[in-house]
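What follows is a set of notes on a single structure, which appears directly below.
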Amino acid sequence: MEPFPWWTDEQKKFAEELHKFVNEHIPGAEKAFWMRRFPMDIVKEVQQKGYFGAGVPKKYGGMELGATGCCIAAEQLGRLYAVGHVFVVSMLGGYHQLLHFGTEEQKEKWLTKMAKGQMGAVCITEPFAGSDAASVMTTARKDGDEWIIMGRKRYITGAGPADRYFVYTKTSDDPEVIRKYGHLTAFIVEKGTPGFSLEKINELIGFENVPNGYLNFDDVRVPDENRVGDVGAGWAVMTSGLNFERLVGSAVVGGGLGDIIRLVVYYTNRRVQFKQQTNRFINNQFKIADMITWNKLARLITYYTAMLLDSGQNAAVESSIAKLLNTDYAIQTGLEAVQIMAGDGLTKFYPVERLVREGKIGQVVAGTNEIQKLIIYRMGALSYLDMPFRLRMDPDLEIPILSMDDGPWKGKEITEDVMLKILAEDYRANPGLYMTIDDLEKETGLDKSKVLELVGSLEQKKLVAAFRDSRGNLTMAKANYEGLRKAYPAEHYRWFPEWFDPEELGFF
């Protein structure tokens, strides 16, 4: 396992030890896969080694290797298929939430169990809620010192083997509370609690020996001490851990990429067609080059994101990118591997087709990849708006150029006529664009209310076109044709390259 330079000595040693452990247990994991048997024997060895405690602080019996350590464990254990998936959902089932929202008593109890290998699962999805996680309908109502949980959860990976279930419930029907996302509360439910049962195990596109199922909560009583976070704080508890959860989920998917590349290289070195090894075909070399590139990029974004989280940064955009790339690259790598190996790639006797199916599952779970793109856009695009980017007409060249200064208008008296000229000048450089109210604030040095007053007056005089948001607030403006004519004479807007003479064509 190739370490990154910023890993600590402890993390590097952990990776080396885990890599050796996984290599020794791949045959057993493959046998369990073919037998469709959950590999509890291997999981027990993982528990005994303490690998479930990769990120748990040492004071609770863990290794304290942070998000990086959790990713190392997920990536390597992911090569053991079912073992990696139950490791990940155990991390998702309370690790981050307990660290940040648990009481000291809860940490002492649950993190210590986690470090010793107790398996967990996270319970968000249900018939009423998938990507729309705020719409869960499983309820919890207070009854003395206990809570009574009623409802169902579905698509829960680890359902059955897990002993600890981190469950998000609805605890308020008040529309105003719901509007403020204060209607959810998080609980830990232990296997064996009366009324808590396994309803169904799903047959999915993949996950041949990974239990994924439905859970039934039939008036399940849990003590208040099992509530994690304040009543109504479930949304905050849930969303605070999503960055970590997406990251670790991406690492387990990426774990199989390297092994598939090794298999393809091995295969093409030994497969002969047209009197030569198939690794001599340039198209196969290109495909393998792509696979190596995807693997390197996937690991890089994964461990860069882990480093950000370990240093206390938010990394919301990066974790979504990690999840998106790892799962997309998994499918692409699997498809290219199948194509290179042709008929052999189509059989289940080689694990390449498995990666295609696992990648597809990865694109859906832990937030669909479409959700990741929304997060990347909504949170990532803002970081590209932090510089004063504008195209302005250069007074000497008379062409629009990138400008980083405040413009020529700041410090001058801004009347309606001047505001119209500003909008008209922007037309010269950006004829198809509006100016935002923020643009006009920066351009003029006026406060927002004054800008709105001037633009509003120009709109009433039918000299500008105004754009309003869904609430009717004026957010952008642009000089209309009448406004352009009032601001400057027609020749002010003209520009022709040197080689073009409009007079020759009978203009002017």
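- Using modelled atom types, one finds a donor on one side chain and an acceptor on the other under 3.5 Å when comparing Glu245 with Gln97.
- Residues meeting the salt bridge (Lys or Arg N to Asp or Glu O under 4.0 Å) test with Asp224, sequence neighbours left out: Arg227.
- When the ring-ring contact (aromatic ring centres under 6.0 Å, His included) test is applied to Tyr214, no partner is found at least two apart in sequence or on another chain.
- If you check the side chains of Thr475 and Asn473, you find no donor sitting under 3.5 Å from an acceptor.
- Contact of the Phe166 side chain with the Leu92 side chain is not registered, since no non-hydrogen atoms from C-beta on lie closer than 4.5 Å.
- Put simply, CE on Met63 and NZ on Lys13 are 10.0 Å apart, with the number rounded to the nearest 0.5 Å.
- Note on ring orientation: taking the six-membered ring where Trp is involved, the planes of Phe196 and Tyr165 are perpendicular (angle over 60°, cut-offs 30° and 60°).
- The side chain to side chain donor-acceptor pair (under 3.5 Å) check on Asp259 picks up Arg79, Arg262, with sequence neighbours excluded.
- Sorted by first and then second residue, the salt bridge (charged side-chain N to carboxylate O under 4.0 Å, His left out) pairs involving residues 325-337 (not counting sequence neighbours) are Lys287-Glu336.
- The stretch residues 107-143 participates, sequence neighbours left out, in no ring pair (Phe, Tyr, Trp, His ring centres under 6.0 Å) pair at all.
- Residues passing the ring-ring contact (aromatic ring centres under 6.0 Å, His included) test with Trp7 are Phe4, Tyr303, sequence neighbours excluded.
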Identify all side-chain donor-acceptor contacts of residues 65-74 below 3.5 Å with residues at least two apart in sequence or on another chain.
residue	atom	partner	partner atom	Å
Thr68	OG1	Asp310	OD2	2.7

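- Here Phe21 pairs with His25, Tyr51 under the ring-ring contact (aromatic ring centres under 6.0 Å, His included) rule; sequence neighbours left out.
- His19 meets the ring-ring contact (aromatic ring centres under 6.0 Å, His included) test with no other residue; sequence neighbours excluded.
- Evaluation of the side chain to side chain donor-acceptor pair (under 3.5 Å) rule for Glu176 yields Arg179 as partners, not counting sequence neighbours.
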Kindly list each side-chain donor-acceptor pair under 3.5 angstrom involving residues 55-62, sequence neighbours excluded, with atom names and distances?
residue	atom	partner	partner atom	Å
Lys58	NZ	Glu10	OE2	3.1
Tyr60	OH	Glu104	OE1	3.1
Tyr60	OH	Glu104	OE2	2.8

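- Pairs of residues two or more places apart, or lying in two chains, that qualify as ring pair (Phe, Tyr, Trp, His ring centres under 6.0 Å) and include a residue from residues 138-163 are Trp147-Phe187.
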